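Before any comments, here is the structure.
Order of listing sets the numbers, starting from 1, for every ligand and every atom in it. From a predicted model like this one, the values you see are computed outputs, not experimental measurements. The chain is numbered in sequence order, starting from 1.
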Amino acid sequence: MKEQLTIKERVRITKRGIGILNQYCPGLAGGKAMSAVLTAIQPLTSVWISARIINELAGERRMEKIVTLVVAVVLINFLIGLLKSMIDRVTDEKEAEMWNFFGKVFSDKAMTMDFADLEDAKILQQQKAASENLFMFGNGLGQLVWGMNSLVNATANIVFSVFLVVTLFVSHTGNAFMDSPLWIVGISLCVWLGGLSNSKATRKENKVFETWCNSTVWFNRAFQFFGHELSNTPERAKDVRIYNQSGAADRAFQKMKERDCSAGEHVLSMATYPSMAAVAVGIGNMVCWVFVVLKACMGAFGVGSIVQYIGALGRLGSGVQDMMFVLADNEVYCRHLWGLYEYLDIPNRKYDGMLPVEKLVFDEEGNQDYEIEFCNVSFRYPGTEEYALRNLSLKFKFGERLAVVGKNGSGKTTFIKLLCRLYDPTEGEIRLNGVDIRKFDYDEYLSIFSVVFQDFQLFSFSLGQNVATAIEYDKEKVEQCLIKAGFSERLKTMPKGVDTVLYKDFESEGVEISGGEAQKVALARALYKDAPFIILDEPTAALDPIAEAEIYTKFNELVGDKTAIYISHRLSSCKFCDEIAVFEDGAVVQRGSHEALIQEKSGLYHALWMAQAQYYEVG
Ligand code: ADP
C-alpha cells in the first residue's frame with residue numbers, strides 16, 4: 001500500500017472511486033450526497049427562522065409575522081424531513097446491497113484477467129489483501145460510501161453557516177475594538193483551531209486503528225476458514241467428520257484466543273486523542289460565544305440574532321471539524337483504494353489479435369477446412385522452472401480424431417490449455433491454418449472449441465441453463481443433447497424436466513445429481529455449443545473403464561464430422577481414434593494408430609496397454 005499520497009493523487013483516486021460506485025451501485029453516492037445536504041440545511045433554516053421569531057418577540061411583536069414564521073419553520077422541517085427519509089430509505093437499501101456489488105468488482109476483474117494471472121501467487125495475494133480489507137473493515141470503497149455523507153454534509157454546513165454568520169461582522173457597536181475587521185481573522189482562527197486539533201486526533205486514531213486492522217487480518221482469515229468454510233461446506237464436511245478435524249478447528253480457535261487480537265491496549269490511546277481535541281474545541285467555542293454576547297450587549301443586534309450567530313458558529317465549527325475529519329479519513333481510504341486499483345489495473349499481457357477466425361476456417365461454400373499445428377512448442381507454468389511441455393510438434397487436420405494418452409502428469413491437460421490459449425507457449429508457436437493463434441481475436445478463437453475438462457463445473461441454475469450456458473434456451477435442443485449424452489433415464493425423473501434447478505444453493509427444491517450424471521450434463525453442454533472442435537479431457541474419470549470406453553465410443557459417433565481430441569490415461573477408451581499421441585514427461589514419444597502402436601513391443605504404448613490389460617478385459 002502506498003504510504004504518502006499527494007492531494008492531486010487523492011482527488012484522482014476519490015473521483016475514480018465515485019466512478020466505480022456509480023457504475024456498480026448507481027444512485028448510492030448521489031443519494032448519500034443529497035441526504036447530507038438536507039441534513040445540513042434543516043437545523044440552519046430552523047436557527048435562521050427562530051432568530052427572526054425571537055427578534056420579532058423582542059421588538060414589534062406582529063402576530064401575523066410570528067405565525068407566518070412558525071408555520072414556515074414547521075412546513076420546511078416537515079418537507080425536508082419527508083424528502084430526506086424517502087432518500088434515506090432508498091440509499092439504505094442500496095447500502096445494504098453494496099457488498100454484493102463490490103463482490104462483482106472483483107469477479108469482473110477475475111473474469112477478464114489473463115488466465116495465467118489467476119494462478120500467480122503474487123496477484124492472488126494482492127487480490128486477497130484488497131478484498132479482505134474491503135469486506136472485513138469496509139476499507140476503501142466502504143469508507144468512501146460512508147465518507148461521502150460526511151464530506152457533503154461538512155461542505156454544506158460550512159457554506160450555509162458562513163452565509164448566516166456574515167452579518168455578525170458587518171453589524172456595528174460603535175466601539176472600534178469590537179468592530180475591528182481583525183475579529184474576522186480571530187474568530188476564523190478559533191473555528192479553524194478546533195478543526196485542526198480534531199484532525200490531528202483523527203489521524204492519530206486512524207493510525208492506531210490501521211495498525212490494529214493489519215494485525216487482525218490473520219485472525220479474520222483463520223476465523224473465516226475454521227468458523228465458516230471448514231464446518232459449513234458439505235464438500236469439506238465429509239472429511240471433517242471422517243478425519244475428526246473438529247479437534248483441529250478447536251485448537252485453532254484456542255490459538256486465536258491466545259493471540260488476543262482484541263482492540264484492548266489500543267482502546268485508551270484511541271479514546272485519548274479525541275478527548276484532547278474536544279478541550280481545544282471547547283475553548284474556541286467559548287471565545288466565539290463571548291464575542292457574540294458582548295456585541296449584542298453593546299447594541300449591535302437583537303437577542304434573536306444571538307441565537308442565529310451562536311447556532312451558525314457552532315455549525316461552522318462542527319462543519320470545519322467534520323471537514324478535517326473527512327480529509328484525514330480520505331487519506332486512509334485513498335491508500336486502500338490505491339491498493340484496490342493496483343489490482344484492478346493489472347494489465348492483460350496476453351496478446352489479443354484482431355483476425356477473425358471465420359474467414360480461415362470456412363471456405364466460400366461454408367465448408368470447414370482447417371489444420372492446427374504445434375510447432376516446436378515448449379511451456380513452463382509461470383513461476384516454475386520445470387517444463388510441462390518440451391519441443392512439442394504435432395499437426396492435426398479437420399475431421400480427425402486424435403487421442404492423447406499418457407501417465408498422469410505427462411502434459412496432456414497442459415497441451416489442451418495451450419490449444420485453448422489459456423496460456424501462451426513459452427517457446428514455439430501454435431498455428432491455425434498456418435497463422436499464429438495469437439493473431440486471432442481471442443473470443444472468436446475460443447468459440448471454435450467445446451471442451452469438457454476433468455474438473456468441469458456445473459452451476460446452481462436449471463438443467464437447461466447449464467446445458468445451454470444461457471438464461472434463455474432452446475428446450476428441444478437441450479433435451480436432444482441430454483439424450484445423446486446418455487442422460488435420458490435421469491431426465492425422466494427430473495420434477496420439472498429441463499427446467500429443474502440443479503443443487504440446493506438457490507432453491508430448496510434443487511436436485512442433487514451424482515458425479516457420473518454431472519459428467520453427462522457436461523457432455524451435453526459440449527454438444528449444445530456445437531463448436532467445430534470438440535475436446536474431452538478425461539471428464540469420465542468417475543466412471544469405470546468399461547463405461548468410459550462406451551461413452552467415448554458413443555461420443556465419437558455423436559460428434560460426426562467435427563474434429564475431436566480425446567484425452568485419457570485409460571488406453572482402451574481411445575483405441576478407435578485415427579491417431580494416438582503418447583505423451584511422456586511433456587513430450588510426444590509415439591504416434592500412430594492403435595494397431596500400429598500395439599505392434600511396437602518396446603514402446604511405451606505397448607507397456608501401458610499390457611499393464612492396464614492385467615486389471616480388466618480390453619478387447
Ligand atoms: P496430465 O494432464 O497429463 O495429468 P498436466 O498437463 O496436468 O498432466 O501436468 C503436466 C505437468 O505440469 C505436471 O508436472 C504438473 O505438476 C504441472 N502442472 C500442471 N498444472 C500446473 C500449474 N497450474 N502450475 C504449475 N505446474 C503445473
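For ligand 1, the polar-atom distance check against Lys412 finds a nitrogen or oxygen pair separated by under 3.5 Å. For ligand 1, none of its N or O atoms has an N or O atom of Gln454 under 3.5 Å away. Inclusion of Gly411 in the set of residues having an N or O under 3.5 Å from an N or O of ligand 1 is warranted.
When Val405, Leu389, Thr413, Leu418 are checked for heavy-atom proximity to atom 7 (O) of ligand 1, Thr413 turns out nearest. Of all the listed residues (Ile416, Asp585, Thr414), Thr414 holds the heavy atom that lies closest to atom 5 (P) of ligand 1.
For the pair Gly406 and ligand 1, no heavy-atom separation below 4.0 Å is found. The shell of residues lying under 4.0 angstrom from ligand 1, judged by heavy atoms, excludes Glu386.
In summary, the atoms of ligand 1 found under 4.0 Å from a heavy atom of Asn408, numbered by their order in the structure, are 4 (O). Distances below 4.0 Å separate heavy atoms of Ala388 from the following atoms of ligand 1: 11 (C), 12 (O). Atom numbering of ligand 1 starts at 1 in the shown order; those under 4.0 Å from a heavy atom of Lys407 are 3 (O).
The protein non-hydrogen atom at the shortest distance from atom 23 (N) of ligand 1 is Glu119 OE1, 3.1 Å. Looking at atom 4 (O) of ligand 1, its nearest protein heavy atom turns out to be Gly409 N, 2.8 Å. The closest protein non-hydrogen atom to atom 17 (C) of ligand 1 is Tyr381 CE1, 3.9 Å.
The 12-atom threshold is exceeded at CD of Glu512, counting heavy atoms of other residues, nucleotides or ligands nearer than 6.0 Å. Applying the 6.0 Å contact sphere to NZ of Lys496 captures no more than 12 heavy atoms from other residues, nucleotides or ligands.
A salt bridge links Arg16 and Asp345; the closest N-O separation between the charged side-chain nitrogens and carboxylate oxygens is under 4.0 Å. Remark: Asp436 engages Arg438 in a salt bridge, criterion side-chain N to carboxylate O under 4.0 Å. Residues Arg431 and Glu429 are paired through a salt bridge, judged by an N-O separation under 4.0 Å between the basic side chain and the carboxylate. A salt bridge links Arg591 and Glu579; the closest N-O separation between the charged side-chain nitrogens and carboxylate oxygens is under 4.0 Å.
Relative orientation of the Tyr605 and His594 rings is perpendicular, given thresholds of 30° and 60° on the angle between their planes.
A heavy-atom distance below 4.5 Å is not found between the side chains of Tyr381 and Tyr387.
The shortest non-hydrogen separation linking Asn433 to Glu371 is OD1-N, 2.6 Å.
Protein heavy atoms are absent from the 4.0 Å sphere centred on atom 15 (C) of ligand 1.
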